[in-house]
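We name chains A, B, ... by the order of the sequence lines, and we start the count at 1 in each one. Just so it is clear, the structure is predicted and the values come from calculations on it, not from any experiment.
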Protein chains: 2
Amino acid sequence: MKPQAPHCQSCQFKDSSLFKQCHLHELEELNESKCFNSYKKGQVIFHEGNRPLGIFCVYGGKVKVSRMGSDGKEQIIRLAKKGDTLGYRSLIDNTKYTASAIALDETEVCFIPATEFNKLVDENVKVSTDLMKMLARALGDTQDKLIHLAMKPVRERLAEALLLLKSTYQEEGKTPFSISISREDLSSIVGTAKETVIRFLSEFKEDGIITTHGSEITILNPEKLVKISSMYD
Amino acid sequence: MKPQAPHCQSCQFKDSSLFKQCHLHELEELNESKCFNSYKKGQVIFHEGNRPLGIFCVYGGKVKVSRMGSDGKEQIIRLAKKGDTLGYRSLIDNTKYTASAIALDETEVCFIPATEFNKLVDENVKVSTDLMKMLARALGDTQDKLIHLAMKPVRERLAEALLLLKSTYQEEGKTPFSISISREDLSSIVGTAKETVIRFLSEFKEDGIITTHGSEITILNPEKLVKISSMYD
DNA sequence: GTCAAAAACTGATAAAACTCATATTTTCCG
DNA sequence: CGGAAAATATGAGTTTTATCAGTTTTTGAC
């Protein structure tokens with residue numbers, strides 16, 4: 001069964017997205033201009049260096065936004081989940097994408113063309129205000145990441161990354177939290193080498209904080225992760 | 001002689017600041033609500049953890065925006081110069097300051113109260129659009145910093161930091177570029193230890209890329225710094 | 001200029017993290 | 001279900017960077 005494109009007016013993120021303050025007729029127009037797409041694990045939603053043609057609303061799945069170094073090393077800047085908006089920074093700044101968005105799972109995304117997006121932002125002050133707040137929040141988050149990368153050792157950053165995955169992707173009530181993620185991707189979040197991540201994960205396993213089955217990591221004791229991650233805060 | 005508070009309508013940054021698209025009557029109002037202040041080297045303009053009460057427009061001098069770790073280590077997030085705007089992120093996001101702004105030099109700053117700032121943003125779409133672009137640019141810059149911190153070794157980041165200082169603070173035509181900056185501050189930009197910075201600076205000196213007299217660093221060969229900083233781009 | 005404090009510098013050593021090599025397990029395709 | 005490919009896991013050795021201790025130079029007040 002193919003995933004169906006939802007109508008914007010009945011989208012489950014209608015009241016929590018960037019467009020939560022839109023009028024019905026705006027949602028109607030949005031719906032007509034949008035374009036629904038599915039991506040398999042590993043597929044590229046947009047690519048570093050390309051010109052943005054619109055924004056993306058994640059309808060389902062998991063997305064990493066990351067930048068590739070010339071040595072093939074990747075750094076993940078952001079993790080996105082259903083309900084999140086992607087690619088708006090480049091569009092507003094009128095620059096090429098500085099990072100790529102890649103599906104981590106089977107992912108569904110609505111594309112909204114730049115013209116429609118700009119029109120909405122121009123015409124509805126509430127949308128532009130929300131967008132501004134979104135940018136401000138994203139800036140704060142990125143500054144936090146920068147600080148932590150500069151000041152915390154790998155062990156603490158790894159604990160933090162696991163908590164980020166949990167807070168981002170845990171479905172309500174589903175405890176304990178489990179996620180399937182490659183050690184490579186995890187190391188690209190933390191900003192370290194794959195082997196280093198594996199070593200600290202082993203340590204966390206010995207301490208009963210997590211268990212793993214293949215690439216699946218289950219967080220048994222999030223409180224301990226909080227303690228580790230904020231050891232020197 | 002005390003520095004004089006400039007009138008907003010004749011401010012030298014009238015046409016390049018966030019308020020470049022304001023009407024005369026808006027500048028008039030801005031001028032009446034603003035508050036001019038001077039800060040000596042080391043003085044705090046706003047402090048991490050406090051609630052923002054407005055925004056700051058740098059009229060002259062140099063400012064570092066930085067965050068303090070519990071271990072006393074500092075990370076500099078941003079360098080500001082005359083014409084720059086400070087403290088807007090927290091105000092928009094409605095959060096406490098997550099970093100402090102500290103004068104690196106004798107610095108003059110105009111404070112604009114939140115009520116006045118919000119009024120302007122609400123009433124003038126051009127101001128809010130410019131503000132949005134400013135946020136988008138700041139987000140892009142911070143993402144760049146994050147990537148470089150994660151992927152480049154100290155030597156390259158130091159070269160980059162020196163180029164940042166040059167591009168930020170070089171007065172037109174004044175070559176070669178010189179700046180007085182403590183090794184401590186420089187290490188807080190790079191995200192490394194003071195001694196490590198000193199060692200690489202010594203190396204740069206041996207290679208004839210820079211010279212130093214006390215805390216004054218003169219960049220003799222910026223091209224070489226560019227090469228070093230982008231060694232693996 | 002003089003002197004004390006602060007900052008820059010240097011060296012030795014230690015710690016953290018990376019790389020490379022290799023073994024083991026998991027995944028998944030036929 | 002079997003087997004190859006991919007990913008996880010572990011070990012050894014190296015590099016990078018941090019820390020600590022000490023010396024020299026610079027700075028700024030008197």
Side-chain angles (χ1 to χ4, degrees), chain A residues 40-42 69-75 104-106 148-162 178-207 210-218 228 231-232, chain B residues 40-42 69-75 104-106 148-162 178-207 210-218 228 231-232:
Chain A
K40 287 195 209 313
K41 183 175 174 174
S70 55
D71 52 353
K73 219 183 275 176
E74 186 186 26
Q75 177 66 33
L104 289 173
D105 259 357
E106 180 71 26
H148 293 164
L149 189 59
M151 309 220 285
K152 291 183 177 184
V154 172
R155 193 177 118 97
E156 294 175 38
R157 301 210 308 273
L158 176 59
E160 194 165 59
L162 292 172
S178 280
I179 189 167
S180 182
I181 185 170
S182 75
R183 303 303 175 259
E184 193 99 49
D185 276 341
L186 197 47
S187 73
S188 299
I189 298 172
V190 175
T192 189
K194 188 176 49 190
E195 295 91 334
T196 307
V197 160
I198 290 173
R199 272 180 248 280
F200 282 114
L201 283 180
S202 302
E203 194 188 297
F204 289 171
K205 274 188 272 185
E206 278 171 28
D207 296 347
I210 61 167
T211 54
T212 67
H213 299 92
S215 70
E216 180 109 351
I217 298 173
T218 304
I228 291 169
M231 204 127 240
Y232 297 108
Chain B
K40 286 194 210 313
K41 184 175 172 173
S70 55
D71 53 354
K73 219 183 275 174
E74 187 187 25
Q75 177 67 32
L104 287 173
D105 259 357
E106 179 72 26
H148 294 163
L149 189 59
M151 310 220 284
K152 291 182 177 185
V154 171
R155 194 177 118 97
E156 293 176 38
R157 300 208 310 272
L158 176 59
E160 193 166 58
L162 292 171
S178 280
I179 188 167
S180 182
I181 184 169
S182 74
R183 303 302 177 258
E184 191 100 49
D185 275 340
L186 196 46
S187 74
S188 299
I189 297 172
V190 176
T192 189
K194 186 177 50 188
E195 295 91 335
T196 306
V197 161
I198 291 173
R199 273 179 248 280
F200 283 113
L201 284 180
S202 302
E203 195 189 295
F204 290 170
K205 273 188 273 186
E206 279 169 28
D207 296 346
I210 61 167
T211 54
T212 66
H213 299 92
S215 69
E216 182 108 351
I217 298 173
T218 304
I228 291 169
M231 205 125 239
Y232 297 108

Chemist: What I'd like to find out is whether the side chain of B/R183 reaches to under 4.5 Å of the side chain of B/I217, using heavy atoms alone.
Modeler: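 In contact.
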Chemist: Report yes if at least one side-chain N or O of B/K205 is closer than 4.0 Å to OP1 or OP2 of C/dC9; otherwise report no.
Modeler: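 Yes, because at least one side-chain N or O of B/K205 sits under 4.0 Å from OP1 or OP2 of C/dC9.
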Chemist: Provide the closest heavy-atom pair for A/I228 versus A/R155 in the form atom of the first, atom of the second, distance.
Modeler: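 Looking at all heavy atoms of both residues, the shortest contact is CG1-NH2, 3.6 Å.
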Chemist: In whole angstrom, give the distance that lies between atom CG of B/L186 and atom P of C/dA7.
Modeler: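 Taking CG of B/L186 and P of C/dA7, I get 15 Å after rounding.
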Chemist: Are any of A/S215's side-chain N or O atoms less than 4.0 Å away from OP1 or OP2 of C/dT26?
Modeler: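 No, outside the criterion.
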Chemist: More than 12 foreign heavy atoms under 6.0 Å from NZ of B/K41: is that the case here?
Modeler: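 Count not over threshold, so no.
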Chemist: Is there a side-chain contact between A/V154 and A/V197, using heavy atoms and a 4.5 Å cut-off?
Modeler: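 SC-SC contact between A/V154 and A/V197 ruled out.
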Chemist: Could you give the CZ-to-P distance, from B/R183 to D/dT17, as a whole number of Å?
Modeler: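 Taking CZ of B/R183 and P of D/dT17, I get 19 Å after rounding.
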Chemist: Tell me the interatomic distance from B/E184, atom CD, to C/dA6, atom P, rounded to whole angstroms.
Modeler: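 From B/E184 CD to C/dA6 P: 13 Å.
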Chemist: Which whole-number value in Å describes the distance from A/F200 CZ to D/dT10 P?
Modeler: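 The answer, rounded to whole Å, is 14 Å.
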Chemist: If you check every side-chain atom of A/I198, which of D/dT17, D/dT8, C/dC18 has the closest atom?
Modeler: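 The nucleotide sitting nearest to the side chain is D/dT8.
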Chemist: May I have the distance from A/M151 (atom CE) to C/dA16 (atom C1'), rounded to whole angstrom?
Modeler: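 Those two atoms, CE and C1', are 18 Å apart.
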Chemist: For A/T212 and for B/R199, locate the closest nucleotide of DNA chain D by heavy-atom distance; then report the residue assigned to the nucleotide nearer the 5' terminus.
Modeler: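 Here A/T212 is the residue nearer the 5' end.
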Chemist: Expressed as a whole number of angstroms, how long is the span from B/I217:CD1 to C/dA7:P?
Modeler: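 To the nearest whole Å, that distance equals 15 Å.
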Chemist: Has B/T196 got a side-chain N or O lying under 4.0 Å from the OP1 or OP2 atom of D/dT17?
Modeler: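 For D/dT17, OP1/OP2 do not have a side-chain N/O of B/T196 under 4.0 Å.
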Chemist: Tell me: CD of A/E216 to C1' of C/dC28, nearest whole Å?
Modeler: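 Between C1' of C/dC28 and CD of A/E216: 17 Å.
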Chemist: Toward the 5' end of DNA chain C, which comes first, A/G214 or A/G191, by nearest nucleotide?
Modeler: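 On the 5' side of the pair lies A/G191.
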Chemist: Under 3.5 Å, is there an N or O donor on one side and an acceptor on the other linking the side chain of A/E195 and the base of C/dC20?
Modeler: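 Donor-acceptor pair under 3.5 Å: yes.
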Chemist: Rounded to the Å, how far apart are B/L158 CG and C/dA8 P?
Modeler: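 Going from CG in B/L158 over to P in C/dA8 covers 14 Å.
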Chemist: Show the nearest heavy-atom pair for residues B/Q75 and B/I189, with the distance to one decimal.
Modeler: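 The answer is NE2-O, 3.5 Å.
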